[in-house]
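Labels below follow one simple rule: chain letters A, B, ... track the order of the sequence lines, proteins then strands, and each chain is numbered from 1. Any value given below was found using the heavy atoms of this structure, including those in side chains, with hydrogens, waters and symmetry copies removed.
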Amino acid sequence: MNMLLYKAWIETRVRFFAGLIAVTIVCIFYLQQHAWLVKMWAHELADSKGYHGAWMPLGINHYSWYLWHYLYDNYLQQVWALFALLFAFGGLIRERSSGTVLFSLGLPVSRRQWLFSRLAVALLEALSVACFAVVVVVIGSRVIHQDYSLTQLILHTLLMVGAGVFLLAIGNLCYSLAPGNYTSLLVTLIVLGVPYLLLQNYMQNERDLNKTTWLQYLDVGHAMAGPWQITWTSFPWIALFVAWGLTGLCLSITAFYGDRVDY
Amino acid sequence: MAHVIETQQLKKSYGTHEAVRGLDLSVSEGAVCAFLGQNGAGKSSTIKMLLGMVHPTSGKGRIFGHSISNEAESLIIRQKVAFVAEDKRLYDYMTVAELIRFTRAFFPTWDERFEQELLDRFELPLDRKVRQLSKGMRTKLALLLGFARGCKLLILDEPTEGLDPVAIEDVLQIVVSLAAQGTTIFFSSHQIGEVEQVADHVLMINRGQLVLDASMDEVKERYKHIQAVFPEPVEERDFRLPGIEKARIEGRTVTLVASDHLDSILEHVRMLKAGSIDVLPLTLKEVFLEKVKVRS
């Protein structure tokens, strides 16, 4: 089993380091922008003709809200989701294109072991990238002299990864079903990325209008972000359980399909 | 002698194309069994079915008594079988040493002394990435990864493809020495000369069906070329007898390929008042060509 993990790690390590660099850039950019944005919002609020967003006082007065809004509710989450999909790319079906699948299947390893070892590495990498973002925020916040709640950061990280496992599972399923090698990567990014972003925006508008719809349970982005002040009781448990249920379904389909493929 | 590989009415269809059509074969323990056939005859599909890479459409197969159709049993099969695929592509991002370490981890019976011996013999550079190896070197590495597993059964799909004559000779010697130690070898090849050199049993497949299952001695014993010259012209229908695979008539000269009943065929030829009769042995290549041509 260790060797399967080792192989998956070697195959994805470049993506992993790229992920670390990407989250570092996103976090540093928004930490660096904090002072300027707060100043701009204060200026807008002071101006009677300026834009008065209901969230602006939160952004000005609560650094934790700022971190949540820009990182966990938006850009860090999106970058993390992109890399989660990239980490899940690979496996036996992809090895068919590279011609190594017969060597892999000649080893005494079941197809499910191949699948789950790869997904385990993808999950660990995704978790590590999310934790690394916490480290960057901790150091960056110290540099810009801002206070924050470390517990909140950790809870948001756990929620982002906890709900985001669905992306790993559905990403791997799409790669398994789509033909071609890099075509399947592109198709998956489009097929999953577009609804993810559109649904996020649509649901945000619905929430602003105080409307509720069953689609909220499929809004993975919202589930990954959670409320800005998060506690165990305010955790979006239903959305989380829906995400886990769909994750289980995707993994079952991938495993079922993978067992039946002829190489 | 116990059978290591057994199949019963094994079939594989890809859509409407039947790649393997009711294959009944068996390979005895300790044999060096060659699996011959044209491209697309169904050799690779059969091997892949034996190793669980392709699912049979119908029929049964067993290796060491374990069913090839059951995932759990297929796993046990792959612990006992070393397989080297026709397309010897390996993880090109690993170095030779990494790939050996990776493969070794799955086989408790791995023979490290043999691994070292093969590394020296094949002159494989441990620190070089697989993608930097030539095709021949990659083939040698794939064979090392198969040979050193210490398995009781070695399945090789075109093992010498891409090797130079010296390396081919090396590989054949290794195959013979492994067989001498009791390893069963089941290999497919298009190089009939190699097959004659090392195999003691031949299975021939054509269009998904077994057309020959015999020991090398039997092939040499049974398959004969009979050339007879007759005083009067004869017709093809005069030679429709059991055991005659093919009859070619040129004027008063008749050339027959016999696979069985040699004595009765010769008696029949004499009865037709042949002036001269020559009986010559057939090479395996000739047998192969006859078997494939007759049925194609």
Under 4.5 Å from a heavy atom of chain A, the part of [X] involved:
X: L99(B); value: side chain
X: M94(B); value: side chain
X: R101(B); value: both
X: L145(B); value: side chain
X: E71(B); value: side chain
X: K12(B); value: side chain

Tell me, do R104(B) and M3(A) make a side-chain contact under 4.5 Å, heavy atoms counted?
no

For residues 92-109 of chain A, give me every residue with a non-hydrogen atom less than 4.5 Å from any non-hydrogen atom of chain B.
E95(A), S97(A), S98(A), G99(A), T100(A), L102(A), F103(A), S104(A), L105(A), G106(A), L107(A), P108(A), V109(A)

Against chain B, residues from residues 112-140 of chain A with at least one heavy atom under 4.5 Å, in numeric order, are Q113(A), W114(A)

Distance under 6.0 Å and angle within 45° of the ring axis: does K48(B) meet both against Y263(A)?
no

Is it the case that over 12 heavy atoms from other parts of the model lie below 6.0 angstrom from the [atom1] atom of [X]?
X: K80(B); atom1: NZ; value: yes
X: R142(A); atom1: CZ; value: no
X: N2(A); atom1: CG; value: no
X: I238(A); atom1: CD1; value: no

Who among Y14(B), F83(B), Y91(B), F107(B) has the most heavy-atom pairs with chain A under 4.5 Å?
Y91(B)

Could you look at D259(A) and say if it's the side chain, the backbone, both or neither that has a heavy atom under 4.5 Å from chain B?
backbone

Side chain to side chain contact (heavy atoms under 4.5 Å, CB included) between K7(A) and Y93(B), intermediate numbers included
CA-CA 10 Å; K7(A) 176 179 176 285; Y93(B) 48 82; 3.5 Å; yes

